[in-house]
Participant: 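The structure that follows is given in the form of structure tokens.
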Amino acid sequence: MSSKPVIVICGTTGVGKSKLGGSRHPYRGAKIINADSMQVYVGMDVITNKVPFEERCGVEHLLMDYKKPGEQLTGPEWIKDAMNAIEEVHNRDEVPIVVGGTSYWIQHLIFPERMASLEKPGEPTTKPPTRPPYSESFVKALAALPPEMLSLFNNLPQQAPNADDDPTMSHNLHDLLLAMDPLVAQRWHWRDGRKVLTSLRIIEENRRLASEVIKEQSRGIPKPRYRTLCFWLYAKPDALKPRLDERVDQMIEQGLLNEIRLLKAIASAATNEDKPPSLENATSSESDTHFDYTLGIYQAIGDYCYPSSYNCALTIFPGYKEFHQYLNSSSPGESVFREAVEQMKLGTRRYAKRQVAWLRNKLVPAVNAANAHTKAESGAPVVPMFLLDATELGDAWKTNVHDVADKLTTKFLEEDSLPDPLTLSSTALEMLTVREKPTDPLEVLTANQRRVCEICTTDSAQPFLVDGGLWDTHLRSRNHRYMTGKGKKERGRPPAEAHVASIELSTETS
């Protein structure tokens, strides 16, 4: 672990992460490192909620607007870029402050060796020329493949197929992964071509099953890369709701619809295999012709029609899906517009809820596990994590968030002892007290395997898969209730008898 400090500011949208990050610069200087997966792309400043230049308090923001929209950026690639940026900031004797709402990225930046591969599929790797030996499980899986699957494994596509354009290849790749490594295959939806192909690449490059790689990386207690101080800005739902609604109204005033129209043009052009129109502020060059305009930000745009049962990238883009009907109507009326606004507000609130769920169910348990180990050895937490109550704005926000963070930051940088995070406030005690959850990636992988919902499956060749951890939520969803009623009416059988709660995906070939 590096002894040099890193400060992390995470939380939902609308709680003041950027405001707090910008105010941290007086002590020894600081640089902001963006940890928002859509703000890395040039343009679309309104819909991605970028901090305006005039509100950045003169603090340099790294890893923002540094990718063109046709460039794909994966989590492992961002982590490499973030590590390089952190090293540069440390070399200038300044403090790197990681700020953003993509908690998945932040968690894997803090804790290394929790992603199976940092290499981008299709590109030369930096691994030594000597390839690792075959594992016994890999050899058995390879020997059991029928000829057509073996041929596919030996000739994996360079780019993941789009499930809408090429469902056959998407299914074939998922079937291949299912035959070789069912534990990992049951975690991914067959439409999630990137993750399926990445898993197959991991098997190909390591000559071991992806689940074996994950198991090896899961041994031992996670240790952080840096001496890290983590701030979680949190606002109670009743206070956050009107704040998010107001933000949507402001985004519309700032030109949200114009950006959505451009996004639609991008998606349409990508579908028609034409080059999308240029984004405002984007610089053009001859190298643009080498970009794949179905990747990067365009890939997120094209995912709006995906079922809600799995995580489509468009959840980062509240607004596009909601205004789709309004902008496609030949004579859009005020009522359609108002409904789109309300749906966008609802989508934004749901996205904030998912952000809280990740922090509380994923990041906090990982931090607790690491801290419990170091407390037993040295008596001090290795990743102190404080929840700052951003429920109230104005003077209360300054008192509860800014001033508290300022004192804790000073203590942390001067390596003084820090208070118990649970004593900071009643809200901190409530939100940071979580029941023990598995943090081992292999355990999490097993617990969140996909399950088939037969009621919502309309085509047996394309089963409707639901993340195991979201099964109960799916059963309560509007879509499932509608399909249950439809099935009862059309098939004349009670929904309780029609529903198979859990169908494990078979590894046998028919």
Participant: State the CD1-NZ distance between I9 and K19, to the nearest 0.5 angstrom.
Facilitator: 12.5 Å
Participant: Would you say the side chain of L178 lies within less than 4.5 Å of the side chain of Q186, judging by non-hydrogen atoms?
Facilitator: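 A side-chain contact under 4.5 Å exists here.
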Participant: Find out whether I97 and I33 are in side-chain contact, i.e. whether some heavy atom of one side chain is under 4.5 Å from a heavy atom of the other.
Facilitator: no
Participant: Keeping R194 on the side-chain end and A160 on the backbone end, is there a donor-acceptor pair under 3.5 Å?
Facilitator: no
Participant: Looking only at heavy atoms, which two atoms of A390 and R243 are closest? And how far apart?
Facilitator: O-NH1, 3.1 Å
Participant: Does any non-hydrogen side-chain atom of I106 lie less than 4.5 Å from one of I110?
Facilitator: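 Result yes, sub-4.5 Å side-chain heavy-atom pair found.
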Participant: With a 4.0 Å cut-off, would you call D389 and K236 a salt bridge?
Facilitator: no
Participant: Taking all heavy atoms of C453 and all of V466, pick out the closest pair and write down the distance.
Facilitator: CB-CG2, 4.4 Å
Participant: At their closest point, which heavy atom of D165 faces which heavy atom of P167, and how far apart are they?
Facilitator: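 Smallest interatomic distance, heavy atoms only, reads C-CD, 3.6 Å.
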Participant: Would you call V42 and K67 a side-chain contact if the rule is heavy atoms closer than 4.5 Å?
Facilitator: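 The answer is no; the side chains never approach within 4.5 Å.
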Participant: Would you give the length of the straight line joining atom OG1 of T457 to atom CD of E454, rounded to the nearest 0.5 angstrom?
Facilitator: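 Here the rounded value is 6.5 Å.
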Participant: State whether the side chain of H402 and the backbone N or O of D395 hold a donor-acceptor pair below 3.5 Å, judged by distance alone.
Facilitator: no
Participant: Just by distance, with hydrogens left out, do T13 and R247 show a side-chain donor and acceptor under 3.5 Å apart?
Facilitator: yes
Participant: Using atom types as modelled and distance alone, determine if a side-chain donor or acceptor of K17 lies under 3.5 Å from a backbone N or O of T12.
Facilitator: yes
Participant: Working note: V89 + L62, criterion side-chain contact (heavy atoms from CB on, under 4.5 Å); need CA distance, chi angles, decisive distance, verdict.
Facilitator: CA-CA 10 Å; V89 175; L62 307 176; 3.9 Å; yes
Participant: Treating R360 as the side-chain partner and V434 as the backbone partner, does any N or O pair qualify as donor plus acceptor under 3.5 Å?
Facilitator: no
Participant: Heavy-atom distance under 4.5 Å between the side chains of Y234 and L359, does that happen here?
Facilitator: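 No, side chains not in contact.
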Participant: Can you sort out the partners of K398 under salt bridge (charged side-chain N to carboxylate O under 4.0 Å, His left out), two or more places apart, ordered by chain and number?
Facilitator: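 Salt bridge (charged side-chain N to carboxylate O under 4.0 Å, His left out) list for K398, sorted by chain: D403.
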Participant: Working to the nearest 0.5 Å, report the span between OG1 of T102 and CD of Q39.
Facilitator: 8.0 Å
Participant: Quick check on side chain to side chain contact (heavy atoms under 4.5 Å, CB included): which of L388, V99, N400, L387 does L233 satisfy it with?
Facilitator: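 The option that passes is L388.
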Participant: Can you tell me how far the NZ atom of K31 sits from the NE2 atom of H61, to the nearest 0.5 Å?
Facilitator: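 Rounded to the nearest 0.5 Å, the NZ-NE2 separation comes to 11.5 Å.
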Participant: Counting C-beta onward and ignoring hydrogens, is there a side-chain heavy-atom pair between S170 and D192 closer than 4.5 Å?
Facilitator: no
Participant: Parallel, tilted or perpendicular: which fits the ring planes of W190 and H171, with parallel below 30° and perpendicular above 60°?
Facilitator: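 Ring orientation of W190 relative to H171: parallel.
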Participant: Checking side chain to side chain contact (heavy atoms under 4.5 Å, CB included) between S18 and each of N49, V51, V59, which is the one that passes?
Facilitator: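 Testing S18 for a side chain to side chain contact (heavy atoms under 4.5 Å, CB included) against N49, V51, V59 leaves exactly one candidate, V51.
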Participant: If you define the side chain from C-beta out and look only at heavy atoms, does anything of Y66 sit under 4.5 Å from V40?
Facilitator: yes
Participant: Verify the ring-centre separation between W232 and F386: is it less than 6.0 angstrom?
Facilitator: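 No, the ring of F386 stays outside the 6.0 Å limit from the ring of W232, centre to centre.
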Participant: Give me the atom names and distance for the closest heavy-atom approach of A210 to D181.
Facilitator: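 Nearest pair, atom of A210 first, then D181: N-OD2, 2.9 Å.
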Participant: Under 3.5 Å, side chain of E259 to main-chain N/O of L256, donor-acceptor pair present?
Facilitator: no
Participant: Does either side chain, that of E339 or that of Q343, offer a donor lying less than 3.5 Å from an acceptor on the other one?
Facilitator: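 Indeed, the side chains of E339 and Q343 share at least one donor-acceptor pair under 3.5 Å.
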Participant: Mind checking the NZ-CG spacing from K80 to L109? Nearest 0.5 Å is all I need.
Facilitator: 14.0 Å
Participant: Among D45, D36, N34, find the one that has a side chain to side chain donor-acceptor pair (under 3.5 Å) with K50.
Facilitator: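 Going through D45, D36, N34 one by one, the side chain to side chain donor-acceptor pair (under 3.5 Å) with K50 is satisfied by D45 alone.
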Participant: Less than 6.0 angstrom separating the ring centers of H474 and F464, yes or no?
Facilitator: yes
Participant: Could you tell me which non-hydrogen atom of C10 sits nearest to which non-hydrogen atom of C230, and how far apart they are?
Facilitator: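 Smallest interatomic distance, heavy atoms only, reads SG-SG, 4.1 Å.
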Participant: So does P76 get a backbone contact from the side chain of H108, meaning a donor-acceptor N/O pair under 3.5 Å?
Facilitator: no
Participant: S37 and W105: side-chain donor and acceptor closer than 3.5 Å?
Facilitator: no
Participant: Parallel, tilted or perpendicular: which one describes the rings of F337 and F323, with boundaries at 30° and 60°?
Facilitator: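 Aromatic pair F337/F323 classed tilted.
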Participant: What do the steps show when you test V356 against K353 for side-chain contact (heavy atoms from CB on, under 4.5 Å), and what is the final call?
Facilitator: CA-CA 5 Å; V356 171; K353 187 176 181 179; 5.8 Å; no
Participant: Which is it for L177 and W188 under the side-chain contact (heavy atoms from CB on, under 4.5 Å) test, yes or no, and what are the steps along the way?
Facilitator: CA-CA 10 Å; L177 182 60; W188 307 134; 4.1 Å; yes
Participant: Between D245 and K241, does any side-chain N to carboxylate O distance fall below 4.0 Å?
Facilitator: yes
Participant: Is the shortest side-chain heavy-atom distance between T391 and D238 below 4.5 Å?
Facilitator: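 No, too far: nothing below the 4.5 Å cut-off.
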Participant: Can you give me the closest heavy-atom contact between Y326 and G333, atom names plus distance?
Facilitator: CE1-O, 3.9 Å
Participant: Is a side-chain N or O of H480 found less than 3.5 angstrom from the main chain of R478, in a donor-acceptor match?
Facilitator: no
Participant: Should L229 and M385 be marked as a side-chain contact (heavy atoms from CB on, under 4.5 Å) after you check the CA-CA gap, both sets of side-chain angles, and the distance that decides it?
Facilitator: CA-CA 6 Å; L229 172 64; M385 182 175 187; over 6 Å; no
Participant: Roughly how far, to the nearest 0.5 Å, is the CD atom of Q158 from the CG atom of L197?
Facilitator: 8.5 Å
